[in-house]
Amino acid sequence: MLKALFIGILILTSSCKQTDLEQIRKPNTAWQSTDQPPVYPGCESIETTTQQWDCFQASISRSISMAFTENPLTLQANAPKSVTLYVEVDQSGKVMFKGVEPDTHKAILHAMQIAIDKLPTVSPATKTNVGVTAQVQFRIPILLQN
């Protein structure tokens, strides 16, 4: 009786480990040229994914530029003339601010955060090989002018 209980516990333990391993396994998610990038409102009618991607980046740059035009910042003399903006689009299409390079004044970081928060929800990127939306990160060069 004790042997049967021990064997049962051993089988149960090993089957639980197999289930956990199966849940950890993920499909191949390397970005492919056939995958759909995130689509900014107004860029939906563009046919190629490369042009949609260009439209997406240009639209975000334009929106941020407009935000800085509406709320101008006085840049210090040693402030960088351009920065690289790091942004992420999650699976629901929300655009999120991740940072800038080079590290800059807190006022610029705060202004960037506000500008990104005002962006509309976009159509998220889609992994066409598995048919699911994907989270993507990208960077956009931004010129800072005084």
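In this text the structure is predicted, and so the values were computed from the model without any measurement.
- Side-chain contact between Pro38 and Pro124: absent, with no pair of heavy atoms (C-beta onward) separated by less than 4.5 Å.
- The CD atom of Glu88 lies 4.5 Å from the CD atom of Gln137; values are rounded to the nearest 0.5 Å.
- Contact annotation: the side chain of Ser92 never approaches that of Thr121 to less than 4.5 Å [non-hydrogen atoms, C-beta and beyond].
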For this session: Evaluate side-chain contact (heavy atoms from CB on, under 4.5 Å) for Val132 paired with Thr126, printing each intermediate quantity in order.
Result: CA-CA 6 Å; Val132 296; Thr126 304; over 6 Å; no
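- Linking ILVMFWY side-chain heavy atoms closer than 4.5 Å, directly or via other members, places Val39 and Trp53 in two distinct hydrophobic clusters.
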Problem set entry | CA sep, side-chain torsions, deciding dist, call: Ile142, Met112, side-chain contact (heavy atoms from CB on, under 4.5 Å) | CA-CA 10 Å; Ile142 303 288; Met112 288 282 187; 4.0 Å; yes
For this session: Test side-chain contact (heavy atoms from CB on, under 4.5 Å) on Val122 and Lys94 and set out the steps.
Result: CA-CA 7 Å; Val122 301; Lys94 175 137 177 62; over 6 Å; no
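- Between the CG atom in Leu85 and the OG atom in Ser61 there is a gap of 8.0 Å [rounded to 0.5 Å].
- Ile64 CD1 to Ser59 OG: the interatomic distance, rounded to the nearest 0.5 Å, is 11.0 Å.
- Proximity of the aromatic rings of Phe56 and Phe138 is defined here by a centroid distance below 6.0 angstrom, and this criterion is met.
- When hydrophobic clusters are built by joining Ile, Leu, Val, Met, Phe, Trp and Tyr residues whose side-chain heavy atoms come closer than 4.5 Å, directly or via intermediates, Tyr86 is not grouped with Met96.
- Cluster membership check: Leu109 shares its hydrophobic cluster with Ile60, using side-chain heavy-atom separations under 4.5 Å among Ile, Leu, Val, Met, Phe, Trp and Tyr.
- Contact check for Tyr40 versus Leu119: side-chain heavy atoms found under the 4.5 Å cut-off.
- Between the side chain of Asp35 and the backbone N or O of Thr128 there is at least one donor-acceptor pair closer than 3.5 Å.
- A distance of 14.0 Å separates NZ of Lys106 from CD of Gln113, quoted to the nearest 0.5 Å.
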For this session: Starting from the C-alpha separation in whole Å, work towards a yes-or-no answer on side-chain contact (heavy atoms from CB on, under 4.5 Å) for Gln52 and Gln36.
Result: CA-CA 9 Å; Gln52 282 181 339; Gln36 177 66 47; 2.5 Å; yes
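- No donor-acceptor pair closer than 3.5 Å links the side chain of Gln51 to the backbone N or O of Thr49.
- Residue Glu47 qualifies as open at atom CD: its count of foreign heavy atoms under 6.0 Å is 12 or below.
- Note: Ile46 CD1 to Thr48 OG1 = 7.5 Å, rounded to the nearest 0.5 Å.
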